[in-house]
Structures are given as C-alpha cells and as structure tokens.
Protein chains: 2
Amino acid sequence: MDRKTSDGQAGPLPPSGERPTLKTIAFMTGLGITTVSRALKDAPDISSETKERVRLVARQIGYQPNRAGVRLRTGKTNVISLILSLEEEIMGLTSPMVVGISEVLAATQYHLVVTPYRAQDNALDPVRYVLETGAADGVIISRTEPKDPRVALMMERNFPFVTHGRTEMGLVHPYHDFDNERFAYEAVRKLAERGRKRLVLLQPPPYLTFYLHMRAGFERGIRDFGATALPFNTVNLDNSLADIRGAAEAMFAAGDGPDGIVSGSGSGAVALIAALEAGGRRLGQDIDMVSKEPHMFLQWLRPEVMTMREDIRLAGRELAKAVLARIEGRPAEELQTLSYPIPTGEV
Amino acid sequence: MDRKTSDGQAGPLPPSGERPTLKTIAFMTGLGITTVSRALKDAPDISSETKERVRLVARQIGYQPNRAGVRLRTGKTNVISLILSLEEEIMGLTSPMVVGISEVLAATQYHLVVTPYRAQDNALDPVRYVLETGAADGVIISRTEPKDPRVALMMERNFPFVTHGRTEMGLVHPYHDFDNERFAYEAVRKLAERGRKRLVLLQPPPYLTFYLHMRAGFERGIRDFGATALPFNTVNLDNSLADIRGAAEAMFAAGDGPDGIVSGSGSGAVALIAALEAGGRRLGQDIDMVSKEPHMFLQWLRPEVMTMREDIRLAGRELAKAVLARIEGRPAEELQTLSYPIPTGEV
DNA sequence: CAAATCTTCTGTATCGTTACAGATTTGTAT
DNA sequence: ATACAAATCTGTAACGATACAGAAGATTTG
C-alpha cells in the first residue's frame, strides 16, 4: 500500500516560483512530473490512489495548466477565433453573438479571440492567418457566400470551423443559419393578408448566401400570394442607413411606389420608415412593413410594423457548440442547424 | 567581407516541418539559431549585413514567431483581455467597442481575447483569472465603481490595465471616459431652454461611477437653470426595457409627472417614449426628452427627442492605445482621456 | 609583438508540458 | 527457482524562443 516516498533520486527541484506547475505538484507528492501529468489526464497506467492524491493536491493549490506549455508541446491552442466583418458592427450583431459564444465556451478551457477584417475583399486574410500560424483550434465565420473561398480553404486543410450561414458548393460543413427564406415568405404572407400587392424587399448584398434565401422566400411568397415584386436594388443591407434612406426616398418620390415593404434588418427598417414618412406615407395605412426586430425599437416606436425576431445569441451558442464538436471530431453533417423567425407581438 | 559559411559544426538540423521557425532561417542562412533570433530583434551585436540577410530570408519564407514559444520563454502573451459585463450586451456597446479596439491592435502583434462575466458580483473573477494565469499582458475593464476592487487589485499587482470609466480611490490609473457630467448638464440646459422645469433622469445603477457623474451634471443643471428634479429611482439603465417602461408608466399614471426627461441611453429612451405615449403624453408638446443616441433610431423615428452621441468606437481606440502604452511603461497619468458628447442634428 | 579590446557570432539551459521508451516492483506461470 | 507478464512509475527529449555566458577572429594598444 504505502509506496516509499522516493527521495534521494534526481527528484524535481523545489518549485519556488509563483504559479504552481506540474513540478510543484510533483515535489509536493513526491511523484515524477510525468506521473503527475498522466494522473491529471486520467491515464490508465496510473493507480487510482495516486490519481486521487494528485487531483487533491492540484485542486488545493489551484493548479492550472500553463497554456503556452501545452500549446507549444501539443499544438493545441484552446482558442476559438471569431472572425468578424466590420460591416456586422453596423448591424449590431456582434454583441449578442459574442455573448452566446461565451456562454458555451465558459464551461470549457477555450478562450475566444476576436479577429475583425475590413472589407469583404479581405475576408480570406484572417482565415489564412489562423491556418498559417495555427492561432486557433477552430474558427467561426459569418457572412458566407454561395461559393465561399474561406470554406473551401478550411475544408481543404481539414481545419475545424463553422459558418454562420450556408454555402452552395456541395461541400458538407458545420453551419448554423437563420431561415431567411421562411422569414421573407412569412413577411410576404403578412403583407398579402393586409391586402398589400406591390412589394419591395430591402435585401442583403447579392453576393452573400442569405441573399439567395431571402430573395427566394420573397419570391415564393409573391407567387403564392399573388403579389408583385417591385425592384429596389440600388441599396442593400450593407449600405449606410443614410444611403438606404436616400434610395427609399427616391423610390417614393418617383411615385407608383410599393404598398408593402419587407426589411431584412431592424436598422434598415428605421431608414425605410424615415423615408416613407418623409414622403408623406403613413405606416399601417398607405403602406405596411414587416421587419426583423433586434430589440423593441420598432415594436414600441412603430407598432404598425410587423416584426419577427432573429435570436443572434442563440446563434452564438449553436455556433460555439458546433465548432467544439467539430474539433472533437464529430462529423460535419451532424452539425448543421437552422433557427426560425420568432414572431413578436402582433398588432 | 565574406565570412565563411560555417558548416561541419553542430549546425542546426534541416527544418523539414511545415511552418518556418528560427531553425529554418538558421539552416537557410547557415547561422546559429541565437544569431537569427537576435538579428530579427535588431540586437546591437549583430552586423548589419547579417541582419539584412536574416530579415530578407525571414520575409521571403513568411516567418512569424511562434506565440507559444515566445510566451513560454518570456511570459509575454501578446494578448489584451477585454473583460465584459453581459449587461453591456443589452446596451449594445460591445460591437463598436470591439471594433475600435481591433482597429488599434490590428497594427500590432496583439490578439484580443473577450472574457465576459455574468453578474456584477463576479466582476472580480475574470480579473483574478488573468492575474493568476497570466492570460494577458493587459486588461480593459468597464463599468467602473467609485471604489473598484478590480482596479485596486491590478494596481497592487502592478498589472497593466485601463478602465472605461473613472474611479474615486485616489489611485492614478489609465482610463478613458465619456463626460457624462457634461452630457446631463447640457441635457438639462436643453430642456430648460424649452421651458421644462420638472425633470427626471433615467440614470445608471447607483454603484457605478458614471452614476455620480451623470447625477452631478443633472443636478448642477437643475440648480443653474432653475428646474426641479423629480425622483425616478425604481429603475435604472441596467433594468430590462420592459421594467423601465413599466416604471415609467407607473410614474405617468400617478399624475403630476415630469415635463422633461433625460435618458442615459438610447434604448432606455425607447422604453420611456413607449411609456409616456401609452400614458397619452406627446413628445415635444407635453414633454421633452434628451437622450444619448447610439444610431439614428431616435433621430429618425422620434425627431422630437434631442440627442447626443457617445462615440464608443473612439472609446475602444483610446482604451486600446492606453493599455498598450501602459504595457510599454508609459506613466498612468499620461493615459487618462475624456470624450465629449457629440451633438446630433437639432430639431 | 604580446596583450587588451572590439566585433560578431554561437552553444547551453530554460520556460511547462507531453510522447516515448524504459525501469521497478509485484504477481503468475512453469 | 526462473521466466513472463502486469501494474506503476519515471527520465529524457522535444516543441520554439530567448537570456546568458562565452568563443573566435580582427583590430588596436603600448
């Protein structure tokens, strides 16, 4: 039972330093550094009594593995990289997203590193950086394109990642997405139910995948509910609110404008409302609108607008869970989820 | 001139691996690893010809120092930790803040790690974590309290940090802050100019430093412009919008309410507007309001509200610059900045 | 011309961790 | 007894970078 506390050997030197390391525990328990390491990761060749003893000491002195040591030796960074477009900032998606991700990572050893990029042209840069420097174990990207070079690159390198948004390359990869098709379809339905027939869509920029979805849902609605789609292509959700407002004002001034609007974002809706009201239209009377609603802004300040909520925080949680699962080797096809529009208070 | 390319020595082994390291460069140049390391950091005992040669090769093969190696050896993490309260999420401050910080860090080797905490009670946890594990070289915290234990702790340990918001402990530390005193004072002035005399303030939670500032500015305005402050203490900016609305509705229902409101946040203003309109008041007629305005929401949907902008992105930039400077040893007293309300379009 | 000095370069040890190849003890089979 | 296997434990080397203490050759000094 009582193994001699080996001494006199080339035993580990006293720890001395500040923060406890494996050496500290080895010294305190009289075990070898290797044994301590293996005990802490529950290796099969360590007696359960020793494991217990090591764990106890480790807990007592508040041992936490040195990340640099682990990373240098194993290559495991314990980092998830969230790659953000600065455009997203405008839409205010970042905050709840980060919160959702953090909620999941909090229970793990993972840290969240945020890496933004400027223009869509540079979207590949941060991904390359992570791949080349091994800066993270997994990556979360958003604003996917149908043929997304980032996805192609990471799949080719077999690097764990998840996308916020789908792609159309015939490649199976983890994603979480909001069902923008359904959103737009339901939006058209609501407008049609109010007798609106001449509809416009404030849509995403055309190179993003969710443009296709939103557009498809919109057009399916148009067909199913016998409405007409008017063009509104001069601006999209990536334009500044001032530009959106400007374009919308021009449209209303041209006369013969829409009697129903679907807005792909809450802030976009604000610009549209400003424009239509500047043009003398009255919401709920001359024209109706359906929009995504990030907060309660529209619901409270323009209750005439019908709103649906997209739960970005949930998206963050799903995305984080998916990368982690991917890192652990779960197959990509099990890591694809959709979320659906949440109806907010009806008028 | 031509130093013999030393060979036959215990020269470095071929690099072989994927990513180039110092060893790779050493092998390619025929120099020692140490020499390469010192050449790259422009040490004085390396000839400028060698430096040039090393730099050239390093650039050619795209050498980037291994972060884990540096971190393990030197303790330098090249990480800035942004410690966030989940409460901030609600106010949507995170996004532009992260963007601002990233803008500054992009030009450096630093990565940004986001570490959120749940309740105000746990605010100390992430700070302790960073201090104990050495997870970062510098920390950015916000939501400071007059006697902030995080500040005390980090100063005691002489750990580089900057706060978003000031403290009142007689400790000199780097900060960036928005002048909420001025904001509230100017807000009262605007209301007084419109003849409003019975004012309420939707204020921050009382334990935060900027409560004191906003309150002070408000009350100074009250005195200077001969108005009256009505109590509105049941809720603050940390409460949910629903709660704020509820409390405001109760206030209006009680009769004899305010004829002017100062709202410390844009989203809070929305709740207040919803409440006052539900109570039959009309903005700009029965009552006036001044608010911070994060976007264009208020300006476009309730142009009657007078707004001022707080540039959070700028705050992010200033905070990042300050931690970096502090890490480089600049004295704290040189790293204290204030930003001022930006008037948005007048009615 | 030997000694001292300067210039430039390099090997060794180390940070904390883990993979790997033993080592030691104990128990089992022959 | 002797060999063999099982159960536990441990030293060494390595990941990539840098601090430190030389080392080798060239140059100056008296």
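Keep in mind it's a predicted model, so treat the numbers as computed, not measured. Every chain is numbered from 1, with letters handed out A, B, ... down the list of sequences.
- The phosphate of D:dA7 has neither OP1 nor OP2 within less than 4.0 Å of any side-chain N or O from A:Ser47.
- The distance from atom CD1 of B:Ile61 to atom C1' of D:dG16 is 14 Å, rounded to the nearest whole Å.
- Rounded to whole Å, the distance from CG on B:Leu40 to P on D:dA19 is 13 Å.
- Put simply, CG on B:Leu31 is 15 Å from C1' on D:dA24, counting in whole angstrom units.
- Closest approach of A:Arg150 and A:Thr144 over heavy atoms only: NH2-CA, 3.6 Å.
- Between B:Asp148 atom CG and B:Arg166 atom CZ the span is 14.0 Å, to the nearest 0.5 Å.
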**Complete:** Protein heavy-atom contacts under 4.0 Å, written 5' to 3' over nucleotides 16-22 of chain C as B (base), S (sugar-phosphate only) or - (none), form the string BBBBB--

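- For the pair B:Asn78 and B:Asp137, the tightest heavy-atom approach, listed with the atom from each and the gap, is N-OD2, 2.6 Å.
- Using a 30° and 60° split on the angle between ring planes, A:His111 and B:Tyr129 fall in the perpendicular class, above 60°.
- When heavy atoms are screened at a 4.0 angstrom cut-off, A:Thr35 is found touching base atoms of the nucleic acid.
- Distance, B:Glu18 CD to D:dC15 C1': 16 Å, rounded to whole Å.
- The partner of C:dT8 is D:dA23, by the rule that a Watson-Crick or G-U pair needs both atom distances under 3.5 Å.
- Between A:Asn66 and B:Arg71 the shortest side-chain heavy-atom distance does not fall below 4.5 Å.
- Considering only heavy atoms from C-beta on, A:Thr133 stays 4.5 Å or farther from B:Arg67 through its side chain.
- Rounded to an integer number of Å, the gap from CG of B:Asn78 to C1' of D:dA17 is 12 Å.
- A sub-4.0 Å separation between OP1 or OP2 of C:dC9 and a side-chain N or O of B:Thr50 is present.
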